[in-house]
Number of protein chains: 2
Amino acid sequence: MVDRSRAKKTENSRPTIYDVAAACGVAPSTVSRAFARPGRVNAETAERIRQVAAEMGYRTNPLARALPTGRTSLIAIVIADVTNPFFFEILRGAEETATEAGYTLLVADVQESIEAERRALDRMIPMVEGIVLATSRMSDSSIRVAAKQRPTVVLNRAMSDIASVATDNALGMRRAVEHLADLGHVSITYVAGPDASWANGIRWRAMREATQELGMRARRIGPFAPTQAGGLSAAGELAATPPTAVIAYNDLLAIGLLRGLSSLGIRVPQDVSVVGFDNIFGADFCTPQLTTVAAPLRQLGKVAVQTLLNDLGGPASGRAVSRGPLKTALLPARLVIRESTARVEALAE
Amino acid sequence: MVDRSRAKKTENSRPTIYDVAAACGVAPSTVSRAFARPGRVNAETAERIRQVAAEMGYRTNPLARALPTGRTSLIAIVIADVTNPFFFEILRGAEETATEAGYTLLVADVQESIEAERRALDRMIPMVEGIVLATSRMSDSSIRVAAKQRPTVVLNRAMSDIASVATDNALGMRRAVEHLADLGHVSITYVAGPDASWANGIRWRAMREATQELGMRARRIGPFAPTQAGGLSAAGELAATPPTAVIAYNDLLAIGLLRGLSSLGIRVPQDVSVVGFDNIFGADFCTPQLTTVAAPLRQLGKVAVQTLLNDLGGPASGRAVSRGPLKTALLPARLVIRESTARVEALAE
DNA sequence: ATGAAAGCGCTAACAG
DNA sequence: CTGTTAGCGCTTTCAT
């Protein structure tokens, strides 16, 4: 039999339920219950236990709790690139929501590397209760193997069998195209991002459809890295036969484009209108200020975590295996019109 | 006696060292050693164990390992505001370094709230091996109580008794002032950030000293929120009697200032030169591009984590209680000259 | 409603 | 070098 009677063996170590139990004259299991499931213990006793525990400075040890139950109160979020402002607000939304529910976020920055993404997942999965994959570069099947191990929700991507939350890119694109049409443009060039990006595919497709419906022409160049550098290259490529309007895969690319165009003596928006995607930090202070399809960034992070928590069965409480029907949230995008788009002055191309 | 002989009780659950041990005909402790401290076990045996373990798909359970040892391989980083680009590169540097050493980052965004910071710490401390406080808003004494519980390093702050890593603000400020002096300015206005910010205090002090030595005048306005909005207000306040040169607490403030000044018809850099601090994302594409004192952001995150890991005694290995002398790293800042500063045209004020 | 006791999976003396 | 044996601190049947 274990001798639990000794006071916390080394004076400095934190008190355990055994110490509290001894001090209260109850069994350790009662103390455990008093904290883990109030209501399963006499109200008065519970109160007394809390009282004493508080005085002793007792805090339940999350590690010890996690071992038998698996409830670590940790959720992982893996993002393609912490350095990309696109993720700032997403992170905040996720963090906020997780914290409110008593969870802590484990974040992995995988620097756009599939390899790193896989490693991060390997490392984190055993410790977390759930995973949100923000803009994963992995294949659907790789995602599925992760999802088999822990509840998973993907951000900015759609998968038939995995909960997902994404921006309504089609709608956003539609608005952007309409805006350009209103300004008299008859042809639009899409400056593509990485082929591996789900959003890239869907945006291009949506643009083609929208232009078609509105009787406009669609062209496409790329792929380019979704960075300012990528935008610079794109500007070079565009310079030969500049279109009157371009829609870029994302704001980073668009901002690079702005700078590149400007340095080539092509004026925005007089010579060419450009619209970006996401409305990231900086879109409002680049020159000209960028017209862009704003993604509900914070909301995206928030809903992703909410969806996950829901799968986990409520805020850090007992698992209710009620995982409802597969959630697939599509959050609305809105067009933010600023200074980088204008009425077409000359005839299109 | 526990009956460990049964194969993994439920077929689906992951194999444990007991399963591997049984399959290899060795004791569980040997399997444990084979993974935890290779070298303490016969090379061949170890090899065989790894082999079998791999086949069975065994993975050591970090939770179980953590309970008896306290080695969670987790470190916490608490940052004042994930939404502030200042932290992007810091996060990346920290992440990178932690990952290389086999640690995972737990990040808490405390939204500039001391309250939230304290709560985050409470929540994370029991799970992590160490803490890095990036731009903490807490009092020194609050930091000390945290540091008493886990090895801690503070970022962008100096404390006599806690390891710290910061930018060499004094040097950076000196360079900025010299630059302005070179351009013929004889008076500089400091646009202050939050009083609670350690960096704010030190930057202002350094500016006063530098201007004094160079025979220039120093003025100060503020405090302002370290945001674009703050910069906008500052611009309003400055408009009455515009100085020829201002140094802002940070880039965010400086960018807001740029916009505010511009909308008030004050030209930068012709009418007033402005220099920022940190060289955050966006400083190179705002208009005009910002001259700024660049902080070694990524390096800051990296060194902070390295310092912490060092305190923990090597990369996820056994604790060597050799915590050397208190480390206080001061990383060099460099002045990045862009377009927001120019030779003074008229006589100063 | 509460107590007793058996683990969760791994590590760490302590023997041999 | 390897096996034995206690735990780490909490949860959770199963009795009472």
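In what follows, chains are A, B, ... by sequence order, proteins preceding strands, each numbered from 1.
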Please tabulate, one pair per line, all N/O donor-acceptor pairs under 3.5 Å involving side-chain atoms of residues 88-99 of chain B, not counting sequence neighbours.
from, atom 1, to, atom 2, distance (Å)
B:E89, OE1, B:R298, NE, 2.9
B:E89, OE1, B:R298, NH2, 3.3
B:E89, OE2, A:T83, OG1, 3.2
B:R92, NE, A:D109, OD2, 2.9
B:R92, NH2, A:D81, OD1, 2.6
B:R92, NH2, A:D109, OD1, 3.2
B:R92, NH2, A:D109, OD2, 3.2
B:E95, OE1, B:T99, OG1, 3.3
B:E95, OE2, A:D109, N, 3.1
B:E96, OE2, A:Q111, NE2, 3.0
B:E96, OE2, B:R298, NH1, 3.3
B:T97, OG1, B:G93, O, 2.7
B:T99, OG1, B:E95, O, 2.8

Side-chain polar contacts of residues 49-67 of chain A - donor-acceptor pairs under 3.5 angstrom, sequence neighbours left out - could you list them?
from, atom 1, to, atom 2, distance (Å)
A:R50, NH2, A:A34, O, 2.9
A:N61, OD1, A:L63, N, 2.7
A:N61, OD1, A:A64, N, 3.1

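Taking B:T104 as the reference, A:L106, A:R123, A:M124, B:L74 meet the side-chain contact (heavy atoms from CB on, under 4.5 Å) condition, with sequence neighbours excluded. Legend: residues meeting side-chain contact (heavy atoms from CB on, under 4.5 Å) with A:A196, ordered by chain and number and at least two apart, are absent. Residues satisfying the side chain to side chain donor-acceptor pair (under 3.5 Å) test with B:S113, not counting sequence neighbours, are none. Checked against side chain to side chain donor-acceptor pair (under 3.5 Å), A:R137 has the following partners two or more places apart in sequence or in another chain: A:E112. Contacts of A:E115 classified as salt bridge (Lys or Arg N to Asp or Glu O under 4.0 Å), with partners at least two apart in sequence or in another chain: A:R119. Every residue was checked against the side chain to side chain donor-acceptor pair (under 3.5 Å) condition with B:R48, not counting sequence neighbours, and none meets it.
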task: Assign a letter to each nucleotide of nucleotides 11-16 of chain D from its 5' end: B, base within under 4.0 Å of a protein heavy atom; S, sugar-phosphate only; -, no contact.
output: BBB---
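Within the structure, salt bridge (Lys or Arg N to Asp or Glu O under 4.0 Å) pairs that include any residue of residues 21-34 of chain B do not occur (at least two apart or interchain).
Between its opening and closing five pairs, the helix from C:dA1-D:dT16 to C:dG16-D:dC1 changes axis direction by 30°, a value rounded to 10 degrees.
The stretch residues 45-53 of chain B touches DNA chain D through B:T45, each having a heavy atom within less than 4.0 Å of the strand.
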